[in-house]
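Please read the structure below before turning to the comments.
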2 protein chains.
Amino acid sequence: MDLSDRKQKILQAIIDEYIGTAEPVGSRAISKRNELGLSSATIRNEMADLEDMGYLVKPHTSAGRIPSDIGYRFYVNSLMQRYQISVEAVERLKEELFNRVNQLDVLIKKAGVMASVLTEYTTVFTAPSLGRSVIRKLDIISMSGANSLLLLVTKAGLVKNKMIDAAVDDYEAAELTAAINRVLSGKTCDEITESDFEEICELALRETDIDERKISLVIGYVAEWIRTLGESEVFVNNSRAILQYPEFSNVGKAREMLDFLEDKDNLIKIMESGHNTEGVGIKIGAENDFKELENTSLVTVDYKIGDRTLGQIAVIGPKRMNYAKVIASLDLISTQIDSILKQFTEGEG
Amino acid sequence: MDLSDRKQKILQAIIDEYIGTAEPVGSRAISKRNELGLSSATIRNEMADLEDMGYLVKPHTSAGRIPSDIGYRFYVNSLMQRYQISVEAVERLKEELFNRVNQLDVLIKKAGVMASVLTEYTTVFTAPSLGRSVIRKLDIISMSGANSLLLLVTKAGLVKNKMIDAAVDDYEAAELTAAINRVLSGKTCDEITESDFEEICELALRETDIDERKISLVIGYVAEWIRTLGESEVFVNNSRAILQYPEFSNVGKAREMLDFLEDKDNLIKIMESGHNTEGVGIKIGAENDFKELENTSLVTVDYKIGDRTLGQIAVIGPKRMNYAKVIASLDLISTQIDSILKQFTEGEG
DNA sequence: GTTAGCACTCGGATTAAGTGAGTGCTAACA
DNA sequence: TGTTAGCACTCACTTAATCCGAGTGCTAAC
């Protein structure tokens, strides 16, 4: 099961080569690199061994070899060199993320875009989960007219709003806002229960002279809204990147993949499946739960506030992706988000 | 220049056929339809005439004919049959648009999606222009912490928010909100000038006891924000639809097109160029200002509130698109938006 | 253990021939 | 005079045959 040092070097050379060219690599190409000082015949023998052991695969008899999923896995776990992201790229990322971004959803959206810019692959990210976000403030805002506006701000700086079909005047808005915040402020959406809303209604009924029907109408809207806010949202960036790679050079395959990426339910499942890993998670080819992804690899990272996970950012690319670069990029982005959020929330009570 | 009745019928038959099959159509195919009772030889003669007149084009000697841009133009202007959208589709659209949508941006987004669902083509739409929207209310909301939230609601139901790096307490928020609304409420963003903000500052300074520096800080943020809000935003739906059509069966072409659709500046220009038309505007092939669109057609429609244009919805598809259906769909959607917005704003003062 | 040499494999490119949809023209017909 | 049948011709596309070369596995010599 163990690989000799030489076999490892050869495997690494093959994978490095294949990642660059997307062509099956032959013994001669490796020999010519002259890093190992071995003839093609020797390499050929070693390659045959590596194939027997399952690390390499031949597309057909007279082609070179390409890495198997197991080969990639070994590469990722043991062989891969650390990738150093250029100072300029880091600077650009910092500037992009820090620059006047003080709303969490905007920050994450930018982070998702930057991930696809850095890696040149398709990225998927989930919007910050409201279920796990702590409510800072929930306002009802009176509009002159037949409706009013609900406004929710979380501690991490996420802002959501919703127009409702209920007219409230300034007094009612202020009183209801106060009642709501006395009960909900500091809770996460997941923690809020039916009885919280009952409590709000009682509070409003007892301490204000707002019409009971109006209270229950408005609080009903709030309750319904909070429920829907818990639902996950996913976004895809740069999905057309897959057209760049020879793996998808036929339109049919490409379209299948794009269709797959369009289906939010799939994406949510993917993101959930990537979630149970520490730091950067990698799924190679058939390791993915979806058949549609059997020719791609998925690299995911969580973003969190403190130790509360808010969502994930993922990169989807061909199995022969530049793992080192992708991992370094996601790592960088997640630490940046972390430090921004820390700074962003520490002023708060 | 005039086309005989028979020539028109033949041209129509050719275009109808070509729209369906995407294959050059030959004289025999038209003859076999048996609508005209003419032999293929006769049709052949007429087709030769139509080619001389510029309505048809031959890809090569021994292929059938395809319509030229001029041919399509004549078809669209004079030949095309009215398309009747199915009752179910209309119902679905109404339900989708009316159902609990009371924010303009959400409504337009849904309309854009529905346009691509109905037509099965790529759609582009501009977000409602804030520059031309009348401000209903601009609120400053106090957050417990180092920042506060700006909230803008337009008469048509567009909601925008922005976190700013300035702490205000409830008193300051209420007073500043009042001052701002006394000056800005009822104006469109385009109408607001520098002196409006000066007026707000004076007002706040004279009638409240808020610190002068804080007033100018906050109002400065508001001014800056309002300026940026004037910028156009465009969105693309279902861009992968282009992969469906044989015109883009090679990945290179498809990618070029997708890249083009990704560039928001292009899209803004496209939408602007489509704008100066009444009702539904159609640009066929080379009629478009962009070389990238020379093999596509663009159908645009404005959506407006009263007589104030807020933005556009456009369909981009192959030149052999089903014009009748696309036009009918956009027409339907724009009238629906119109009636919703009418109903939506008529309650207001 | 390493390597040179060689027969063998097989996908991809190249070429050649065949196919068929379509055209344009001509001559006959109503 | 308009319509049509007939026929030679064109040309993209398909299929088959051939060639080419990168790559392999195996063997024998170093």
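A, B, ... follow the sequence lines: proteins, then strands. Residue 1 opens every chain.
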Checking Asn295(A) now: which residues fulfil side chain to side chain donor-acceptor pair (under 3.5 Å) with it, not counting sequence neighbours? none
Gln12(A) meets the side chain to side chain donor-acceptor pair (under 3.5 Å) criterion, sequence neighbours left out, with none
Send over the distance from [X] [atom1] to [N] [atom2], rounded to a whole Å.
| X | N | atom1 | atom2 | value |
| --- | --- | --- | --- | --- |
| Glu51(B) | dG22(C) | CD | C1' | 13 Å |
| Arg28(A) | dG25(D) | CZ | P | 16 Å |
| Leu56(A) | dG23(D) | CG | P | 14 Å |
| Arg6(B) | dG2(D) | CZ | P | 9 Å |

Among [range], which contact DNA chain D at a heavy-atom distance under 4.0 Å?
| range | result |
| --- | --- |
| residues 15-25 of chain A | none |
| residues 41-50 of chain B | Ala41(B), Thr42(B), Arg44(B), Asn45(B) |
| residues 57-66 of chain A | Lys58(A), Thr61(A), Ser62(A), Ala63(A), Gly64(A), Arg65(A) |

Going by the rule salt bridge (charged side-chain N to carboxylate O under 4.0 Å, His left out), which residues pair with [X] if we only count those two or more places apart in sequence or in a different chain?
| X | result |
| --- | --- |
| Asp49(A) | Lys7(A) |
| Lys269(B) | none |
| Asp265(A) | none |
| Arg73(B) | Glu287(B) |

Do the charged groups of Glu247(B) and Lys253(B) touch, with an N to O distance under 4.0 Å? no
Do any N or O atoms of the protein come closer than 3.5 Å to N or O atoms of nucleotides 27-30 of chain C, and which pairs are they?
none

Sequence neighbours excluded - ring pair (Phe, Tyr, Trp, His ring centres under 6.0 Å) pairs with any residue from residues 283-302 of chain B: Phe260(B)-Phe290(B)
Only one of [options] clears side chain to side chain contact (heavy atoms under 4.5 Å, CB included) with [X]; which?
| X | options | answer |
| --- | --- | --- |
| Lys283(A) | Ile316(A), Asp289(A), Thr300(A) | Asp289(A) |
| Thr119(B) | Ile333(B), Val315(B), Val299(B) | Val315(B) |
| Leu56(B) | Ile10(B), Leu11(B), Ile66(B) | Leu11(B) |

Given Val236(B) and Lys264(B), is the side-chain contact (heavy atoms from CB on, under 4.5 Å) satisfied, shown in steps? CA-CA 9 Å; Val236(B) 181; Lys264(B) 305 297 176 206; 4.3 Å; yes
Pairing stems for DNA chain D [at least three consecutive pairs; Watson-Crick or G-U; under 3.5 angstrom]: C:1-30 with D:1-30
So how far is it from Asp259(A) CG to Asn266(A) CG, rounded to the nearest 0.5 Å? 10.5 Å
Closest approach of Ala111(B) and Ile313(B), non-hydrogen atoms and distance? CB-CD1, 4.0 Å
Please check the phosphate of dT23(C) (OP1 and OP2 only) for any side-chain N or O of Ser27(B) closer than 4.0 Å. yes
Would you check if there is a donor-acceptor pair between the side chains of Tyr72(A) and Ser297(A) at a distance under 3.5 Å? no
